[in-house]
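A short write-up of the structure that comes next.
Counting from 1, the numbers follow the sequence of the chain as shown.
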Amino acid sequence: MIKKNSNHCFVNTDLELLTHLFEQFKDQGITDFKQLILFLRKHELTSFDELVQYITGPDCPDEVAIAAEEVFDRLRMASPKRKAVLTSSVEVGNYLADKLVGHKQEELWALYIDNGSHVIAEKKLFQGTLNRSVAHPREIFRWAVIYGCSGIFIAHNHPSGKLMPSSNDFELTEDLNEVAKMMKIDFLDHFIVGQGHYLSMREEKLF
């Protein structure tokens, strides 16, 4: 969540995000752990997978879903499983598939890598239905120049869970590959992820 005033944007701290989530629980009548347990039992939520499905489904109140997804995103960023060095497409694909699980809208992310395969930065660049006019290579490679990276991994999610690339996916990948060649920046892979799984367009020899 981002708070705004007329001149600046402030990203909420971890504590503020958790406080906001707990406030949404209170609005639903959940004020202690006993009531939370009763709520989970009422909705038959006995695993984290079921909890994520509930939060991303139609039965969860919008404000609770938004607050919970923000907390989940922050937890993923803090995950000790994430390596400073990503050495294979399998590691990158699994990391991104986990990162974007449960997201309701399409999002395009880029991981910017240095010569030693260290992650310099990861950035969400676009959200919404992705096509060539929206997900423009100019914005993706602008950040590549800013970060001074040597390579880029691109990933976007299909909320449906279907991993088959669309015509827009192929066109975007082709555009990115051509720009990468001109700029002499390695376009390492384009992942399509959904429901915890991924497809590597590089491994499938789709570009």
Quick one: closest heavy-atom pair of Phe187 and Ala180, and the distance? CB-CB, 3.6 Å

Return the minimal non-hydrogen interatomic distance between Gly196 and Val101, and the atom names on each side. N-CG2, 3.9 Å

Name of the residue among Thr173, Leu172, Ile140 meeting side chain to side chain contact (heavy atoms under 4.5 Å, CB included) with Ile154: Ile140

Atom pair CD1 (Ile192) and CD (Glu106), whose distance is rounded to the nearest 0.5 Å: 9.0 Å

If you define the side chain from C-beta out and look only at heavy atoms, does anything of Phe170 sit under 4.5 Å from Met201? yes

Walk me through it: do Lys123 and Leu111 pass the test side chain to side chain contact (heavy atoms under 4.5 Å, CB included)? CA-CA 7 Å; Lys123 189 170 183 63; Leu111 266 62; over 6 Å; no

Can you tell if the side chain of Leu176 reaches within under 4.5 Å of the side chain of Glu178, non-hydrogen atoms only? no

Evaluate the ring planes of Tyr198 and Phe191, with Trp represented by its six-membered ring, and classify them as parallel (under 30°), tilted (30 to 60°) or perpendicular (over 60°). perpendicular

Any non-hydrogen side-chain atom of Leu125 less than 4.5 Å from a side-chain atom of Trp109? no

Can you tell if the side chain of Arg41 reaches within under 4.5 Å of the side chain of Ile37, non-hydrogen atoms only? yes

For the atom pair CZ (Phe33) and CG (Leu36), what is the distance rounded to the nearest 0.5 Å? 7.0 Å

Side chain to side chain, Val90 and Glu203, heavy atoms closer than 4.5 Å: yes

Heavy atoms of Arg202 and Asp189 approach each other most closely as N-OD1, 2.9 Å

Contact check, side chains of Pro159 and His103, non-hydrogen atoms, under 4.5 Å: no

Shortest non-hydrogen contact from His190 to Phe207? N-CE2, 4.2 Å

Examine the side chains of Thr19 and Glu23 and answer whether a donor and an acceptor come within less than 3.5 Å of each other. no

Scanning both residues in full, the closest heavy-atom pair of Pro165 with Leu199 reads CG-CD2, 4.3 Å

Please determine, by modelled atom types, if Glu171 and Ser167 share a side-chain donor-acceptor pair under 3.5 angstrom. no

Is any side-chain heavy atom of His20 less than 4.5 Å from a side-chain heavy atom of Glu16? no

Taking the basic N atoms (NZ, or NE/NH1/NH2) and the acidic carboxylate oxygens, is any pair closer than 4.0 Å for Glu139 and Arg142? yes

Of all heavy-atom pairs between Gln35 and Gly29, which one has the smallest distance, and what is that distance? OE1-O, 3.3 Å

Can any side-chain N or O of Glu107 pair as donor or acceptor with the backbone N or O of His156 at less than 3.5 Å? no

With a cut-off of 6.0 Å (strictly less than), are more than 12 heavy atoms of other residues, nucleotides or ligands near CG of Asp32? yes

Lys162 atom NZ, over 12 foreign heavy atoms within 6.0 Å: no

I'd like to know whether Asp27 forms a side chain to side chain contact (heavy atoms under 4.5 Å, CB included) with Glu63, so could you lay out the CA-CA distance, the side-chain angles of the two residues, the decisive distance to 0.1 Å, and finally the verdict. CA-CA 10 Å; Asp27 289 344; Glu63 289 300 322; over 6 Å; no

Just checking, any donor-acceptor pair under 3.5 angstrom between side chains of Ser150 and Asp114? no

Say whether Asp169 and His158, considering side chains only, have a donor N or O and an acceptor N or O under 3.5 Å apart. yes

Tyr147 and side chain to side chain contact (heavy atoms under 4.5 Å, CB included): which partner among Ile120, Ile113, Ile152? Ile120

No-hydrogen, no-angle side-chain donor-acceptor test under 3.5 Å, Glu44 and Tyr54: no

Note, Glu122 side chain near Leu96 side chain (heavy atom, < 4.5 Å): no

